[in-house]
Colleague: 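Got a structure here, written out as structure tokens. Questions coming.
Predicted model, so just to flag it, every value in this text is computed and none were measured. No hydrogens, no waters, no symmetry mates; every other heavy atom, side chains included, goes into these values.
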Amino acid sequence: MASAVLFSRARTSSRAFFARQLTWSAVLRADKIPQPPKDVDDSTSALDYKRTQRTRPPPLPAMDLPRSRSAEEAVTNILYNTPPPSLQPFKKHVLNCLVQNEPGVLSRVSGILAGRGFNIDSLVVCSTEIRDLSRMCIVLSGQDGVVEQVRRQLEDLVPVWAVLDYTDTRTITRELLLVKVSILGPEYLEDQLVGGPTHSPSSQLTPEEKMEREQILAHNFELGVHPEAVEAELRESISTALTPSQALRLKHQHLHSISTLANQFGGKIVDVSENSVIVELTAKTNRVEAFLGLLRPFGILEAARTGVMAMPRTPISGASVEDAALTDGGGAVDASLLPPG
């Protein structure tokens with residue numbers, strides 16, 4: 001009887017031992033199974049990235065301040081003068097921000113820039129090829145040291161991954177322009193602006209013009225001039241209406257001139273209406289401004305610009321020594337050999 005009890009206990013303990021061994025082996029095999037990476041779905045992922053990539057930042061650019069002053073000069077300056085400003089020049093900076101794609105990031109970035117007194121010249125925000133990542137391209141003017149401090153402040157924000165300064169980097173910058181131009185000429189621009197959505201020139205006289213017209217009629221009537229002759233002359237001098245043939249020839253001439261000008265700048269006409277056209281141009285900022293200056297004599301009804309988008313150029317690994325010497329020399333370059341834009 002005792003031997004049977006001992007045998008059953010030994011059998012039960014062996015079964016429990018083997019079950020425990022199977023459980024631990026299953027756990028170990030489950031730990032070895034590769035798991036997919038976690039989705040980047042919150043702004044704390046940017047903090048984890050910056051914590052792992054944390055390096056000692058370079059020192060801030062030296063501020064060109066005046067010489068050190070004596071105590072007497074300092075007290076005199078505090079009492080009677082304003083503090084000496086920095087001698088660094090103001091120049092344009094292009095900041096490229098990689099941020100988390102979530103609500104409220106733009107307001108936090110613009111709030112820091114507004115708090116430091118910066119006026120944003122242009123701001124372009126768009127999503128990237130990564131689902132949870134957006135790119136901001138900010139153009140502003142300021143001194144190197146102050147802009148570097150702002151850049152580090154922006155990089156310390158929770159939803160910001162990185163902020164790059166493309167000021168001294170070789171980049172490709174482009175800006176999109178949509179401009180609506182009159183094809184009737186600048187003399188009809190004011191009439192087109194009050195002509196409604198179709199921009200048809202309004203031929204109605206204002207109350208001031210009606211009053212002036214009645215005064216001229218009364219004055220000529222007192223002088224004894226025939227009223228019908230005065231009316232015909234006045235109608236011919238005041239009326240701005242064109243005959244259909246004149247309007248057609250005028251529209252064709254202006255449309256041809258605008259099309260030729262757009263082709264020279266690499267733009268194109270994307271919409272043609274009865275009295276105006278819309279021109280699209282993608283180029284550098286100074287080229288866009290030059291194109292607008294040449295279109296202004298035709299009469300600009302409306303214009304819209306996207307702002308600057310920038311991307312750094314990729315260096316060519318197999319560049320020859322002569323090309324490198326030419327690049328470092330900084331000599332004059334023939335403008336006719338440059339690509340458009």
Side-chain angles (χ1 to χ4, degrees), residues 58 61 89-101 105-106 109-110 113 118-144 147-148 150-151 154-155 160-179 261-270 278-295 303-341:
F90 284 76
K91 65 179 182 180
K92 185 177 71 173
H93 291 260
V94 180
L95 299 181
N96 188 28
C97 307
L98 298 175
V99 301
Q100 192 73 22
N101 188 9
V105 180
L106 178 59
V109 171
S110 60
L113 295 176
F118 282 99
N119 181 32
I120 300 177
D121 296 334
S122 71
L123 173 62
V124 179
V125 185
C126 62
S127 58
T128 62
E129 70 281 2
I130 308 300
R131 176 175 57 89
D132 298 311
L133 199 64
S134 295
R135 183 189 296 267
M136 292 185 185
C137 190
I138 306 172
V139 180
L140 47 85
S141 297
Q143 297 171 320
D144 292 341
V147 173
E148 176 62 20
V150 172
R151 188 196 70 79
L154 293 176
E155 206 167 43
V160 176
W161 287 76
V163 181
L164 305 175
D165 192 351
Y166 284 163
T167 304
D168 298 325
T169 306
R170 300 181 62 186
T171 58
I172 298 296
T173 59
R174 289 295 181 269
E175 184 176 353
L176 175 64
L177 167 71
L178 290 176
V179 55
L261 188 61
N263 291 333
Q264 292 293 328
F265 276 80
K268 59 182 179 180
I269 296 177
V270 294
I278 297 179
V279 185
E280 174 189 331
L281 175 66
T282 303
K284 296 180 180 179
T285 301
N286 54 359
R287 196 172 177 87
V288 169
E289 293 175 353
F291 183 66
L292 282 175
L294 293 176
L295 285 181
R305 300 167 65 172
T306 60
V308 177
M309 295 174 288
M311 183 168 291
R313 302 184 65 175
T314 303
I316 302 176
S317 57
S320 60
V321 179
E322 297 179 357
D323 295 341
L326 180 61
T327 304
D328 296 337
V333 180
D334 189 2
S336 61
L337 301 179
L338 296 176

Colleague: With sequence neighbours left out, write down each residue that passes salt bridge (charged side-chain N to carboxylate O under 4.0 Å, His left out) with Arg135, or none if nothing qualifies.
Modeller: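 Scan of Arg135 (salt bridge (charged side-chain N to carboxylate O under 4.0 Å, His left out), adjacent residues dropped) gives none.
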
Colleague: From Tyr166 OH over to Thr173 OG1, what is the distance, rounded to the nearest 0.5 angstrom?
Modeller: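 One finds 12.5 Å between OH of Tyr166 and OG1 of Thr173.
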
Colleague: Decide yes or no for Arg131 and Asn101: does some side-chain heavy atom of the first lie under 4.5 Å from some side-chain heavy atom of the second?
Modeller: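 Not in contact.
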
Colleague: Which heavy atom in Val308 sits nearest to a heavy atom in Val124, and how many Å separate them?
Modeller: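 For Val308 and Val124, the tightest heavy-atom pair comes out as O-CG2, 3.4 Å.
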
Colleague: Please name the pair of heavy atoms, one in Gln100 and one in Val105, separated by the smallest distance, quoted to 0.1 Å.
Modeller: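 That would be O-CG2, 3.5 Å.
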
Colleague: Between atom OG of Ser110 and atom CG of Leu123, what is the distance when rounded to the nearest 0.5 Å?
Modeller: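 Answer rounded to 0.5 Å: 8.0 Å.
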
Colleague: Run the side-chain contact (heavy atoms from CB on, under 4.5 Å) check on Ile278 and Val179 step by step: do they pass?
Modeller: CA-CA 5 Å; Ile278 297 179; Val179 55; over 6 Å; no

Colleague: Tell me, do Phe291 and Leu261 make a side-chain contact under 4.5 Å, heavy atoms counted?
Modeller: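 SC-SC contact between Phe291 and Leu261 confirmed.
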
Colleague: Just how far is it from atom CG of Asn96 to atom CD1 of Ile138, taken to the nearest 0.5 Å?
Modeller: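 Rounded to the nearest 0.5 Å, the CG-CD1 separation comes out at 9.0 Å.
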
Colleague: Nearest heavy-atom pair of Leu281 and Gly266: which atoms, and what distance?
Modeller: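 Heavy atoms only, the tightest pair is CD1-C, 4.0 Å.
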
Colleague: How close do Val99 and Leu133 get, heavy atom to heavy atom, and via which atoms?
Modeller: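 Between these two residues, the closest heavy atoms are O-CD1, 3.4 Å.
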
Colleague: Rounded to the nearest 0.5 Å, what's the gap from CG on Leu177 to OG1 on Thr306? Could you check?
Modeller: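 If I round to the nearest 0.5 Å, the distance is 8.5 Å.
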
Colleague: When rounded to the nearest 0.5 angstrom, what distance separates OG1 in Thr169 from CG in Leu164?
Modeller: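 These two atoms lie 8.5 Å from each other.
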
Colleague: Is it the case that the side chain of Glu155 and the backbone of Ala162 share a donor-acceptor pair, with hydrogens and angles ignored and the cut-off at 3.5 Å?
Modeller: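 Flag not set: sc Glu155 to bb Ala162 has no pair under 3.5 Å.
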
Colleague: Can you find a pair of side-chain heavy atoms, one from Leu140 and one from Asn119, that are under 4.5 Å apart?
Modeller: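 When only atoms from C-beta onward are counted, Asn119 and Leu140 do not touch, as no gap falls below 4.5 Å.
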
Colleague: To the nearest 0.5 Å, what is the distance between OG1 (Thr282) and CG (Leu176)?
Modeller: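 Separation between the atoms: 4.5 Å.
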
Colleague: Quick check: do Ser134 and Thr128 have side-chain heavy atoms less than 4.5 Å from each other?
Modeller: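 Ser134 vs Thr128: side chains apart.
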
Colleague: Do Asp144 and Val147 come close enough that some side-chain heavy atom pair is under 4.5 Å?
Modeller: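 With C-beta onward as the side chain, the pair stays apart.
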
Colleague: side-chain contact (heavy atoms from CB on, under 4.5 Å) between Val125 and Leu106: does it pass, once the steps are laid out?
Modeller: CA-CA 8 Å; Val125 185; Leu106 178 59; 4.2 Å; yes

Colleague: Evaluate the side-chain proximity of Val279 to Val270: yes if any heavy-atom separation is below 4.5 Å, no if none is.
Modeller: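 No, side chains not in contact.
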
Colleague: Given Leu98 and Val160, is the side-chain contact (heavy atoms from CB on, under 4.5 Å) satisfied, shown in steps?
Modeller: CA-CA 6 Å; Leu98 298 175; Val160 176; over 6 Å; no

Colleague: Taking all non-hydrogen atoms of both residues into account, name the closest pair between Pro312 and Thr171 and its distance.
Modeller: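 Closest pair (atom of Pro312, atom of Thr171, distance): CA-CG2, 3.8 Å.
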
Colleague: Does the side-chain contact (heavy atoms from CB on, under 4.5 Å) test come out yes or no for Thr285 and Glu289, once each step is laid out?
Modeller: CA-CA 6 Å; Thr285 301; Glu289 293 175 353; 3.8 Å; yes

Colleague: So, for His93 and Gly142, which heavy atoms are closest and what is the spacing to 0.1 Å?
Modeller: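 So the minimum-distance heavy-atom pair works out to NE2-O, 3.3 Å.
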
Colleague: Salt bridge check, Glu175 against Arg305: does any charged N sit closer than 4.0 Å to a carboxylate O?
Modeller: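 Between Glu175 and Arg305 there is a salt bridge, with a charged N closer than 4.0 Å to a carboxylate O.
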
